[in-house]
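Order of the sequence lines fixes the chain letters, A, B, ..., with proteins taken first and strands second; residue numbering starts at 1 for each chain.
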Amino acid sequence: MSSDGNGGYQPSEVEAKWQGRWDERGTNRFTSDALQTAENRYYQLMMFPYPSAEGLHVGNIFAFTGADVHGRFQRLTGKRVFEPIGFDAFGIHSENFALKQGIHPMDLIPSNVANFTRQLRQIGGMFDWNHTVDTTDPDYYRWTQWIFIQLFNAGLAVRKEAPVNWCPSCMTVMANEQVIAGRCERCDTPVEQRRIAQWFFRITEYAQKLLDNLERIDWSEKTKKAQKNWIGRSEGAILHFPIQDRDGSQIEVFTTRPDTVFGATYMVLSPEHPMVDEVTGEDQAEAVAAYRKQATAKDLVARQKVEKIKTGVPTGGYCVNPATGEPIPIWVADYVLMEYGTGAIMAVPGHDQRDFDFAQAMGLPIVRVVAGEGDGADTPLTEAYVGDGVMVNSEQFDGVAVAEAKPAIGAWLAETGRGETTVNYRLHDWCISRQRYWGPPIPIIHCEACGPVAVPEADLPVVLPRVEDFKPDDSGVSPLARVEEWYRIDCPQCGAAARRETDVSDTFLDSSWYFLRYPSTDHHDVPFDRELVRSWLPVDCYIGGNEHAVLHLLYARFITMALHDLGHIDFDEPFIRFRAHGTIIREGAKMSKSKGNVIVPDGIIEKYGADTFRTYLMFLGPYEEGGDYQDEGIQGPHGFLHRLYDTVTTAVDLENHEGSRNPAVADPDVERKLHQTIRQLTRQIPELGYNTSIAAMMEYLNVVRAGGRTAQRSEVEPLVVMIAPFAPHMAEELWEHLGHTDSIFDGANWPAFDEAKTRETSVKLAVQVNGKLRATVEGPTGMDQDAAEAAARSDENVARYLDGATLKRVIYVPNRLLNFVVEQT
RNA sequence: GCGAAAGUGGCGGAAUUGGUAGACGCGCAGGAUUUAGGAUCCUGUGGCUUCGAGCCGUGGGGGUUCGAGUCCCCCCUUUCGCACCA
C-alpha cells in the first residue's frame with residue numbers, strides 16, 4: 001500500500017533498484033585483493049546476531065542501523081569501510097528451540113540464516129556479503145577449536161573439579177557471568193552448585209591487565225564500570241589461623257581488614273570448605289553433616305538471600321587467633337561462600353555487620369577493636385562499627401589510626417609468617433564446558449596413560465556429528481557421550497584406545513574471536529591472515545548492547561590478550577572504541593511476545609520503506625539511550641523523506657527546463673543554514689548524535705522550502721549526501737537524479753562547511769531587567785555594549801522597568817543577552 | 001543494601017554546557033486544496049490570565065548567582081548494574 005499521492009517517491013521501487021545495483025556493482029563488497037590493498041581502512045563492527053526463527057526484531061534493526069549509519073558516514077568522509085556481518089548460531093537457545101519444534105538444528109539454522117540474510121539486505125545495511133561468518137560452519141569452528149588448543153598448550157585451559165553452576169532446566173553447567181542473581185540468565189531457573197570436572201579458561205591470570213587496560217580504551221563509561229565491578233579487585237591479606245591441637249595444620253582466610261584481627265572472635269568455614277571434616281569434633285559430626293547437606297541442597301537464590309536469618313553450626317573445633325594467641329571456635333555457615341576468597345573467614349563481629357548478626361544469633365562474643373569519635377575501648381556495640389577511628393583492645397596497636405594500623409598490623413603478621421598482603425578478585429576462571437549438543441566439540445582426547453591430549457591441529461575440525469537424539473539429561477554428561485562410534489578414538493600420542501571429550505564449548509567462545517576472522521574468510525588454511533589482521537585490526541568502532549558488558553566483551557578482551565601473548569597478533573585490546581546502543585520500548589512499555597506489542601519489521605518496511613524505518617529509528621531518541629517507538633511517530637520521517645524527494649526532483653527538473661537562463665542567486669539565509677547544518681552533522685554523527693542530526697536536516701529542509709520557494713541544486717545536493725547514511729537507497733536515487741553515475745558512497749564527499757558562512761549577520765538579543773525577560777532587540781552580530789544598551793533602552797517595555805529605578809549593574813553577554821540589574825527606589 | 005544514570009508540554013525528545021526553556025517530530029485545533037482521505041500544503045499549539053512581553057513553569061524542598069533545566073545540599077520516584085565479595 002503506497003501512501004503516495006503525488007506520484008513521486010516510491011520507496012519499494014527505489015529500494016529494490018538500489019539493493020540490486022549494490023549487489024551487481026559490488027558496492028559494499030571487498031574482493032580478496034581489495035582487502036589487502038585498501039588504504040585509509042576503517043573497520044566498523046556490530047555485534048553479530050543470533051539468527052532466531054522469528055527473524056530480526058526491532059532491537060536488532062535499531063542496533064544495526066546505528067552502526068551502519070556510522071560506517072556509511074565514515075565512508076563518505078573518505079574511509080574504506082569494512083562492515084561485515086555474521087551469525088552466532090550455536091548455543092542452547094537454538095538447541096532448545098530445535099528440541100521444542102522437533103527440527104534438527106542442522107536443518108533449522110540454515111533456514112534461519114537465510115531469512116536473516118534476506119532481512120539484513122532489506123534494511124539496506126552496507127554489509128560485505130563476501131565476508132560473513134557462521135559459527136556453526138566447520139570451516140569456522142575448526143578455528144574456534146584451534147584457539148582452545150592454543151590456550152591448552154599454553155596452560156590457559158585447564159580441567160579441574162570445582163563447584164560449578166548447574167542449571168537444572170538447561171541441564172548443563174554455566175559460567176559465573178551467565179548466572180544472574182542466582183538464576184540462569186537464559187531460563188531464569190534457580191541455579192544449583194555441583195562438583196563436576198570442567199574445562200576452565202584461566203581468565204583470572206589476566207584480571208589485573210583486564211582492569212588496567214580499561215584506562216586506555218575508548219569505551220562507554222558505563223561498560224567500563226560494569227567490567228571493573230565484575231573483576232572486583234580488592235586489596236587485603238591472607239591470614240593463617242593454626243588449628244588447635246593439630247600441628248602444622250592451618251586455615252587461611254582472606255580479609256580486607258587485617259587491622260581488625262584482634263577482634264576476630266570466631267572463624268567460619270563455608271559448607272563446601274575441604275577442611276570442614278578435619279576440624280569437626282566427634283560430638284558435632286552429625287550436626288555438621290546435616291547442615292552441609294541442607295546447605296548444598298539449596299539453590300543459589302535461596303542461599304544468597306541477604307535478608308534471611310543466618311544459620312550455622314559449630315564444628316567443635318578451635319583455631320588460634322594469630323594476633324591474640326587465643327583459641328576461637330570454628331563454625332560452618334552458609335553465609336560464607338566457597339567461591340570467594342579462601343572460602344573461610346575470620347569473623348570480626350564488632351566491625352562487620354554479617355558477623356555481628358551471626359554472633360548475636362549464636363551468642364558469640366563481640367569485641368570492639370576500633371573506637372570511633374567519642375567511643376572508648378568498651379563502648380558497647382549495637383551494630384557493627386565500620387567507620388574510621390583508632391585501634392583499641394589491640395595490644396601494642398592501641399591508639400593507632402585505622403589507616404595506619406592496616407599496613408602496620410599486616411606487616412607485623414607477615415614478619416612472623418602469620419599472613420601476607422594480597423589482592424583478591426571477584427572474577428573467576430571462565431567455565432567453558434557445556435554438557436549439551438549444539439556447540440563445537442572441545443578438541444581433547446582423554447587417554448588413560450597420557451591424560452588429556454589436544455587433537456592434532458591437522459585433524460581439525462572435530463566435526464560435530466549429526467545425531468538425532470541430542471536431548472540433554474541430568475547426568476552431567478553431554479549427549480555426545482551416547483555416540484560411541486564418535487567418541488572412541490586412539491590416543492594421538494601413544495596410540496592406545498582413548499575417548500574424545502564429549503562436552504562442547506560455551507557459545508561465548510565462538511563470539512570471542514569472530515572479529516579476527518572476518519577479514520580472513522577467504523583464507524582456509526589459517527584462522528586469520530597475519531597481514532590482514534595487522535592492517536585491519538583492532539576494530540575501529542564496535543557497537544552492541546550493554547547486556548554483553550561483562551560477558552562477550554570481557555571474554556573477547558581475554559582471548560585477544562591471550563593470542564597476543566602467544567604471539568599470534570600484535571595488539572592486546574580488540575576494540576579501540578566501543579559504544580552501547582540503547583533499547584527500544586514501545587509506547588512506554590517493554591516489547592514482549594506475551595504482551596503482543598512486538599513490532600514486526602517486515603510490515604513496516606513494506607508500508608513505509610526501509611529508509612523511512614531507519615530514519616525513524618534513528619530519530620526517536622538518542623542512540624545510546626534508545627527510545628519509545630510510537631506507531632504514529634513514523635509519520636514525521638515519512639513526510640520528511642517525501643518532501644526531500646520532491647524538493648530535489650523539482651530542483652533538478654527546473655534546472656533542466658530553465659537551464660542557465662535563470663542563474664542561481666544564493667539566498668544568504670539558506671546558505672547560512674546549510675553551513676550550520678553541515679557543521680552540526682559533521683560534529684554529531686561521529687558521536688552518534690543521530691536524533692538531533694536528523695532534526696537539523698528537517699530544520700534545514702524547512703528553511704529551503706519556506707514560503708513555498710523552489711530549491712537550487714547547490715542547496716540540496718549536500719543534503720542528499722548528508723541523508724545518505726540514514727536513507728541510503730533514496731540518497732542513491734536522488735544522487736542519480738542529480739546526474740551522477742556512480743554510487744553516492746563512492747562518488748560523493750561529505751560536504752565541507754565554511755565557518756564564515758555559518759555566522760549570523762544579525763542577532764536577537766534578550767533584554768532582561770533583574771533576570772526577567774522584558775524584551776528582545778535585534779542588532780548586528782557582535783555589536784558593542786553601548787549599542788546594545790541604547791537599543792534596549794529605546795524599547796518601551798524596558799524603559800518602563802528602568803524608569804524610576806537605580807541602575808546597579810549591567811551584564812552584557814555579546815550576541816546573547818543584556819541584563820539590567822536595578823534597585824527600585 | 002551498594003553503585004550508576006535519569007526525572008523537561010498531551011506524547012517522543014531538544015537546549016551552543018551557567019545566558020530568551022520546550023528545537024525537531026508526533027498528536028491536537030483551525031484553514032486551503034480535494035469526489036474522498038489515515039494524502040498534500042499553510043497557521044496555531046506549556047499552564048494560568050484582568051490578554052500586559054502579566055504571573056507561574058524543567059520530580060519536591062533549600063542554597064549559590066545579576067541570571068539555574070544546567071552548579072551545591074537534602075528528599076522523592078523510575079530504570080539499569082552488583083548483591084552475605086569478607
Side-chain angles (χ1 to χ4, degrees), chain A residues 2-6 8 180-182 221-223 225-226 228-230 232 234 236 253-257 260 268 303-308 310 333-337 339-348 351-355 357-358 424-426 546-547 549-550 583 585 587-588 616 619-622 625 627-640 642-643 646 680 683 689 691-700 702 705 707-708 764-776 795-798 800-801 808-813 815-822:
Chain A
S2 169
S3 52
D4 189 72
N6 50 31
I180 311 293
E221 277 311 312
K222 245 186 112 152
T223 313
K225 190 94 189 201
K228 203 172 166 178
N229 290 342
W230 189 263
S234 63
V253 303
F254 173 74
T255 177
T256 52
R257 295 293 306 271
T260 63
V268 184
R303 195 163 149 187
Q304 295 190 351
K305 273 256 183 311
V306 188
E307 314 83 57
K308 112 177 170 331
K310 293 201 165 37
D334 68 3
Y335 81 93
V336 174
L337 309 173
E339 301 85 65
Y340 188 76
T342 62
I345 61 152
M346 65 174 199
V348 184
H351 306 284
D352 181 293
Q353 192 56 42
R354 296 155 300 178
D355 298 342
D357 295 343
F358 190 77
N424 193 54
Y425 298 92
R426 188 181 169 281
N546 228 347
E547 68 273 18
V550 292
T583 49
I585 56 171
E587 307 195 317
Y616 177 49
F619 180 67
L620 55 70
E625 284 162 45
D628 191 357
Y629 187 100
Q630 302 187 321
D631 291 0
E632 294 299 326
I634 199 169
Q635 294 299 339
H638 174 71
F640 167 63
H642 272 86
R643 284 191 293 278
D646 288 348
Q680 185 175 350
R683 290 178 182 167
N691 57 336
T692 47
S693 290
I694 293 166
M697 286 188 278
M698 288 172 166
E699 272 188 71
Y700 175 60
N702 289 345
R705 292 166 57 94
K764 274 187 186 159
L765 197 67
V767 181
Q768 300 181 333
V769 178
N770 284 345
K772 296 210 179 215
L773 184 72
R774 296 305 177 189
T776 54
D795 183 277
E796 213 177 289
N797 198 45
V798 175
R800 206 171 76 224
Y801 281 94
K808 308 284 288 186
R809 219 177 134 183
V810 180
I811 313 276
Y812 180 56
V813 182
N815 303 330
R816 301 226 140 255
L817 69 68
L818 184 68
N819 186 11
F820 294 99
V821 185
V822 301

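- Distance from the side chain of A:Thr255 is smallest to B:A86 among B:C82, B:A86, B:A14.
- For A:Lys310 against B:C84, a side-chain N or O and a base N or O form a donor-acceptor pair under 3.5 Å.
- In this structure B:A53 sits in no base pair that meets the Watson-Crick or G-U test at under 3.5 Å.
- Two residues are said to be in side-chain contact when any heavy atoms from C-beta on lie closer than 4.5 Å; A:Met346 and A:Thr260 meet this criterion.
- Listed nucleotides: B:A23, B:G25, B:U20. Nearest to the side chain of A:Glu699: B:A23.
- Between A:Arg809 and B:C66 there is a side-chain polar atom (N or O) within less than 4.0 angstrom of OP1 or OP2.
- With a glycosidic angle no further than 90° from 0, B:U17 counts as syn.
- Across all strands shown, the partner of B:G3 is B:C80, judged by Watson-Crick or G-U wobble contacts whose two distances both fall under 3.5 Å.
- Taking only side-chain nitrogens and oxygens, A:Tyr335 never comes nearer than 4.0 Å to OP1 or OP2 of B:A83.
- A glycosidic torsion no more than 90° from 0 defines the syn conformation; B:G25 lies beyond that range and is anti.
- Between A:Val348 and A:Arg257, every side-chain heavy-atom pair lies at or beyond the 4.5 Å cut-off.
- For A:Thr692, the listed nucleotide lying nearest its side chain is B:A15; candidates were B:U20, B:A15, B:C11.
- Side-chain nitrogen and oxygen atoms of A:Arg774 include at least one within less than 4.0 Å of the OP1 or OP2 phosphate oxygen of B:C55.
- Pair assignment for B:U34 gives none, since no Watson-Crick or G-U wobble pairing has each distance under 3.5 Å.
- Applying the 4.0 Å criterion to OP1 and OP2 of B:C85, one finds that A:Asn229 has every side-chain N and O outside that range.
- In terms of position on RNA chain B, the residue among A:Phe820 and A:Ala775 whose nearest nucleotide sits closer to the 5' end is A:Ala775.
- Atom CE in A:Met697 sits roughly 19 Å away from atom P in B:A23 (whole-Å rounding).
- Residue A:Asn691 places at least one side-chain N or O closer than 4.0 Å to OP1 or OP2 of B:A14.
- In terms of position on RNA chain B, the residue among A:Val550 and A:Asp352 whose nearest nucleotide sits closer to the 5' end is A:Val550.
- Contact of the A:Leu818 side chain with the A:Ile811 side chain is not registered, since no non-hydrogen atoms from C-beta on lie closer than 4.5 Å.
- Within the 6.0 Å centre-distance limit, the rings of A:Tyr616 and A:Tyr629 are counted as a close aromatic pair.
- Pairing of B:C85, defined by two Watson-Crick or G-U wobble distances under 3.5 Å, is not identified with any nucleotide.
- In a base pair of the Watson-Crick type (N1 to N3 plus N6-O4 or O6-N4) or a G-U wobble (N1-O2 and O6-N3), with each distance short of 3.5 Å, B:G27 is matched with B:U45.
- Of the candidate nucleotides B:C84, B:G12, B:G19, B:G12 has the atom nearest to the side chain of A:Leu620.
- Between A:Lys772 and the phosphate of B:C56, there is a side-chain N or O to OP1/OP2 separation shorter than 4.0 Å.
- Here A:Asp352 contributes atom CG and A:Ile345 contributes atom CD1; the two are 6.5 Å apart, rounded to the nearest 0.5 Å.
- When distances run from any side-chain atom of A:Ile811 to the nucleotides B:G12, B:C85, B:C66, the shortest one goes to B:C66.
- Between A:Arg257 and B:A86, a side-chain N or O to OP1/OP2 separation shorter than 4.0 Å is absent.
- In this structure, A:Asp628 places its CG atom 17 Å from C1' of B:C24, rounding to the nearest Å.
- A:Glu587 places its CD atom 18 Å from the P atom of B:G10, with the value rounded to the nearest Å.
- In this structure, CG on A:Asn819 lies 13.5 Å from OH on A:Tyr812, to the nearest 0.5 angstrom.
- For A:Arg426 and B:A83, the shortest distance from a side-chain N or O to OP1 or OP2 is below 4.0 Å.
- Put simply, A:Arg643 has a side-chain N or O that comes within less than 4.0 Å of OP1 or OP2 on B:C41.
- Note: CZ (A:Arg816) to C1' (B:U17) measures 11 Å, nearest angstrom.
- For the OP1/OP2 pair of B:G25 and a distance below 4.0 Å, the side-chain nitrogens and oxygens of A:Asn702 include at least one atom meeting the criterion.
- Side-chain contact between A:Phe254 and A:Tyr340 is present, with at least one heavy-atom pair separated by less than 4.5 Å.
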